[in-house]
Protein chains: 2
Amino acid sequence: MNKLLLDNQLCFPLYALSRQVTALYRPLLEKLELTYPQYLVMLLLWETDNRFVGEIGEHLLLDSGTLTPLLKRLEQKQLITRTRNPADERQVTIQLTEAGQTLKNQAVDIPAQLQESMSLDDQQTVNLRVQLMTLLNQLTKTETII
Amino acid sequence: MNKLLLDNQLCFPLYALSRQVTALYRPLLEKLELTYPQYLVMLLLWETDNRFVGEIGEHLLLDSGTLTPLLKRLEQKQLITRTRNPADERQVTIQLTEAGQTLKNQAVDIPAQLQESMSLDDQQTVNLRVQLMTLLNQLTKTETII
DNA sequence: GGTTAATATATTGTGCACAATTTAATTGTC
DNA sequence: GACAATTAAATTGTGCACAATATATTAACC
């Protein structure tokens, strides 16, 4: 087997599929005026509000270079507030505004809509997700050990 | 199940894993002074040289807005040439230079190195790849039908 | 054959990613 | 308590992605 063929690499389908799936989200997220990474941040905050920038980065595997400008844009849209932690002025607390909380109601249908647009059933989705998650945990674990 | 939890979405592991795997490539590709998308273009050209920009975009699912500047950077590195097709001046032919062809020798070990750094065996890699590819084909097919 | 439509690439603008560095605050050590 | 080391976020710079538009060439049609 020629390992250098595009089709024989694991990386390409991962890269391309990720972009294609993001593209499926785009029209749905447009209605909420969110980009895909912004949506991930909102998902996290809807789950548990009042997180430090660092905590968000830990979950999404993103650094402040990506998050700071992204969070400023969410702040401009009045979906979140950014306030320095009085107990430790180095940290910035991200908190949902009323509008940010309310937006969740418009987002609840997105996962189902997306699954349908991918024409996957529940079992397939869970299978693939678990497989990807396992690999992801494996990678992030070994990375942090080093 | 709360579908809005980050961990219950298919999108996130796909997005995060794709970035993590790209991060594994980075130190290997640094030696070739290539970015990951540039590497994908080179893979394609090592496979079959003399492609139009549009053909490259078709394979990688990228448009000219992404490819044109990327290809100009590869041209600056003297790895490829960009020449208008005399038979149809709208098209631009991308051709490997001598240096571009030679670079392949430095790239042959990358797939094996990557697979090892992901600590996956051959069978796991093939399985996941096939699963991702199937889904990718499914998505790109339905997209083009619409 | 002149005009319209379609096609291929380029350009512009916005928003990530991420490396590298900077700034500011806190902690640890003496 | 002074000072070095560490930590959290911000800043800077480069390179994608991708939407929208522009430009230039070719094809299609009357």
Side-chain angles (χ1 to χ4, degrees), chain A residues 11-12 14-27 29-30 32-42 51-58 60-77 80 82-94 143, chain B residues 11-12 14-27 29-30 32-42 51-58 60-77 80 82-94 143:
Chain A
C11 58
F12 174 67
L14 205 49
Y15 157 83
L17 184 58
S18 172
R19 284 168 38 231
Q20 293 298 301
V21 171
T22 303
L24 290 180
Y25 274 93
R26 207 164 288 123
L29 294 177
E30 237 161 46
L32 317 196
E33 293 184 83
L34 289 178
T35 66
Y36 178 68
Q38 288 168 11
Y39 170 65
L40 293 180
V41 170
M42 293 303 284
R51 304 217 197 207
F52 299 128
V53 174
E55 293 181 85
I56 297 174
E58 220 172 297
L60 301 183
L61 305 175
L62 292 170
D63 67 7
S64 67
T66 302
L67 284 175
T68 298
L70 186 157
L71 292 168
K72 283 185 179 171
R73 283 187 282 271
L74 288 179
E75 189 185 33
Q76 274 182 355
K77 293 184 203 182
I80 63 162
R82 296 162 66 247
T83 43
R84 293 258 161 210
N85 178 12
D88 184 342
E89 293 274 347
R90 289 171 303 180
Q91 298 177 314
V92 171
T93 306
I94 305 299
E143 286 311 293
Chain B
C11 58
F12 174 65
L14 205 49
Y15 157 82
L17 184 58
S18 171
R19 284 168 37 233
Q20 293 299 302
V21 171
T22 303
L24 289 181
Y25 274 92
R26 204 164 291 122
L29 293 177
E30 237 162 48
L32 317 197
E33 292 182 83
L34 290 178
T35 66
Y36 179 68
Q38 289 168 9
Y39 170 66
L40 293 179
V41 170
M42 293 302 285
R51 305 217 195 208
F52 298 129
V53 175
E55 293 180 86
I56 296 174
E58 219 172 295
L60 301 183
L61 306 174
L62 292 170
D63 67 6
S64 68
T66 302
L67 283 177
T68 297
L70 186 156
L71 291 169
K72 282 184 180 172
R73 282 186 282 271
L74 287 180
E75 189 185 33
Q76 274 182 356
K77 293 184 206 186
I80 62 162
R82 297 163 63 247
T83 44
R84 293 258 161 210
N85 179 11
D88 183 342
E89 293 274 347
R90 291 171 303 181
Q91 299 177 314
V92 171
T93 305
I94 306 299
E143 286 311 292

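Order of the sequence lines fixes the chain letters, A, B, ..., with proteins taken first and strands second; residue numbering starts at 1 for each chain.
- Taking the side-chain contact (heavy atoms from CB on, under 4.5 Å) definition, one finds that R82(A) meets it with T68(A), L71(A), K72(A), E75(A), I80(A), V92(A), I94(A), sequence neighbours left out.
- Between chain B and DNA chain D, the heavy-atom contact criterion of under 4.0 Å yields a 5' to 3' nucleotide range of dG15(D) to dT26(D).
- When the nearest nucleotides of DNA chain D are assigned to R26(A) and D88(A) by heavy-atom distance, the more 5′-ward of the two goes with D88(A).
- No side-chain heavy atom of L32(A) sits less than 4.5 Å from a side-chain heavy atom of Q38(A).
- Mapped onto DNA chain C by nearest heavy atom, K77(A) and V53(B) fall at different nucleotides, with V53(B) at the one closer to the 5' end.
- If you take CZ of R73(B) and C1' of dA10(C), they are 14 Å apart, rounded to a whole angstrom.
- Residues L61(B) and F52(A) each lie close to DNA chain D; by heavy-atom proximity, the contact nearer the 5' end of the strand is made by F52(A).
- The ring-ring contact (aromatic ring centres under 6.0 Å, His included) check on F52(B) picks up nothing, with sequence neighbours excluded.
- In this structure, the side chain of Y36(A) engages the main chain of C11(B) through a donor-acceptor pair within 3.5 Å.
- Shown are L67(A), L62(A), D63(A); of these, the side-chain contact (heavy atoms from CB on, under 4.5 Å) with V53(A) is made only by L67(A).
- Among the protein residues, L67(B) comes within range of no part of the nucleic acid, since none of its heavy atoms lies under 4.0 Å from any strand.
- Within the nucleic acid shown, G65(A) comes within 4.0 Å of at least one base atom, counting heavy atoms only.
- Backbone-only contact: T35(A) has heavy atoms under 4.0 Å from sugar-phosphate atoms and none from a base.
- Under the 30°/60° scheme for interplanar angles, the aromatic rings of Y39(A) and Y25(A) are found to be tilted.
- Looking at heavy-atom distances under 4.0 Å, Y36(A) makes no contact with the nucleic acid at all.
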